[in-house]
2 protein chains.
Amino acid sequence: MKRRGQTRSRILGCAEELMQTCGFHGFSYHHIATRLGVRNAAVHYYFPSKVDLGLALVERYRENFRFWKEQLAVRRCTAVQALESFFELEGRYREQGKVCPLGVVGVEYPGIPEPMREATRALLDEVVEWLTVTLQTGRASGDLSFAGPPGERAVSLLAALQGGLQLARIWQPSAFDRIVDELRQELGMPSGTERSALVAAG
Amino acid sequence: MKRRGQTRSRILGCAEELMQTCGFHGFSYHHIATRLGVRNAAVHYYFPSKVDLGLALVERYRENFRFWKEQLAVRRCTAVQALESFFELEGRYREQGKVCPLGVVGVEYPGIPEPMREATRALLDEVVEWLTVTLQTGRASGDLSFAGPPGERAVSLLAALQGGLQLARIWQPSAFDRIVDELRQELGMPSGTERSALVAAG
DNA sequence: GTCTATATAGAGATAGAC
DNA sequence: GTCTATCTCTATATAGAC
C-alpha cells in the first residue's frame, strides 16, 4: 500500500529516537515494530540485520549533518550564528532527553558492529572539521577569541556538549545549559542571558 | 574454599571493567563467569539480580572515590595537585580504553534500574561537590584562574573529560590528552608539556 | 560456595502465505 | 510489503545436588 520510502524512513526515525534515548543495545526490532504498529518481520524486510539498521542510522546522521551545514552556508551565517545553531541542535536533544549519537557509540564501542563504527568515525571527522573551520573563521574575523589550535578547541567543545547531555539526564537538565553558557564565555560570545536581553531589546 | 569476600570482590572488579568497556547492557553474568572461571550460578549467588550487581558497582565507585579523596586530603595536596590527580584518574581510564561510569549511566539512562540511577546521582553529587571545592580553593589561593561560579566550572570540566574519553575511543586516544591540556590552560595550570619540562629539569 | 540442570523471556533472524 | 509462524541463541534467574 505505502510506497517503499514511507515505512523505511519511519523506521529510521523511530530507531534514531530509540538510539539516542536508550543506546544501540537498548532497543530491539520489537520496540520499533510496536511503536510503528507493524510486525517484527516488516522491520527486517527493510533492514535484514541490525547492522544494516545501525549503519543506515549513522549514514542518515551524516546526511542530515551535511544538509544542516549547507543550509548555514546558504544563509551566509557568521561563525557566531553557526555556533549558536550548533548549540541549538544539541539543545533540542537535551529538551527531548536525548544524548548525542557519538556518545552512544563511544560508550558501547566494543559492542558496536565495525561498519557502524567506521561510519561514526567519518561522521566525527566531518563534525570536527566543520567546527574547526567555524572556530578558525570566527577568530580570524575577530568575533571569537580563544587560545590554541582551532582543531583542538573543536574537539573539546564537542566533548563538553556530549558529556553535558549525559550529565543533564542523570542530574538536571539545566546543567547542560550552564555548560553551553560557559562555552560561549570561553569563546568570547555573548552569553545566554545577554542574548535574551538583546532579543528583548529587539 | 575461598572466603566470602574473595569471589565477590573479583566479580565486582570484573563487572567494573566490563561496565566501563561495554556498558551496563553490554555484558552478562556469563561474561563475568567465564572470565573468572566459575559458573553462571556462582555469580548469582553473590548478586541475585543484575540490579543488585549494578547497585553494588556504583556504590563501590562511591567508596573508591571517597577513599581517593581522603588520600588527597591526608597528603595535603594543593588544588592543582588534586586536579592533576583527577586528570590522572581519568587518564588511566583512557589508557585502558575505558569510559567514565557516569557516561555509561548517562547514555543508557532509561534502561538503568532506578536504584542504580539514584546511587549514580549521589556519586555525581559527590564528584561535583569535590571538584567545586577544589576549584574554589585553587582560585582563592591564586593557583587557578577562571571566571564564573566554581560549581559550573566543575560540571563543564567533568563533562569535557567524560565526552573526551568517549571521543578518544571512536577517534584517537590522543584526543583525550589534548582536551586535558586545554582544560589546564583554561584554568591557568601548567600545560602537559610544561609539566614534562619541569619534571625533566627536576 | 560452587556445581549441574533447567525455566522463562527476549532478541535477532528467516520461510512462506497473502 | 506485511503478515504468521517458527527457529536459534543469549540473558536473567532459580532449584537442588555436592
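Order of the sequence lines fixes the chain letters, A, B, ..., with proteins taken first and strands second; residue numbering starts at 1 for each chain. Just so you know, these numbers come straight off a predicted model, no measurement behind them.
Within 6.0 Å of CZ in A:R139 there are more than 12 heavy atoms belonging to other residues, nucleotides or ligands.
Across all strands, A:F47 comes closer than 4.0 Å to no nucleic acid atom at all (heavy-atom distances). Across all strands, B:H25 comes closer than 4.0 Å to no nucleic acid atom at all (heavy-atom distances).
Looking at B:L157 and B:E186, their side chains never come closer than 4.5 Å, going by heavy atoms from C-beta outward. Side-chain contact between A:L55 and A:E59: present, with at least one pair of heavy atoms (C-beta onward) separated by less than 4.5 Å. Residues B:F86 and B:L161 are in side-chain contact: their nearest non-hydrogen atoms beyond the backbone lie under 4.5 Å apart.
Minimum atom distance to the side chain of B:A41 is reached by C:dA5, of the listed C:dA5, C:dA13, D:dT2. When distances run from any side-chain atom of A:H30 to the nucleotides D:dA13, C:dA11, D:dT4, the shortest one goes to C:dA11. With distances taken from any side-chain atom of B:H44 to the nucleotides C:dT4, D:dA13, D:dC3, the minimum falls on D:dA13. If you check D:dA11, C:dT4, C:dA11 against the side chain of B:H31, the one that comes closest is D:dA11. The nucleotide whose nearest atom lies closest to any side-chain atom of B:S49 is, among D:dT12, C:dG12, D:dA13, D:dA13.
Within the structure, a side-chain polar atom (N or O) of A:T7 is placed less than 4.0 Å from OP1 or OP2 of D:dT2. Contact check, A:Y29 against C:dG12: no side-chain N or O comes under 4.0 Å of OP1 or OP2. Residue A:Y45 places at least one side-chain N or O under 4.0 Å from the OP1 or OP2 atom of D:dG1.
B:R39 has its CZ atom 4 Å from the P atom of C:dT4, to the nearest Å. Atom CG of A:N40 and atom P of D:dC7 are 16 Å apart (whole Å). The CD1-P distance, from A:I32 to C:dA11, rounds to 11 Å in whole Å.
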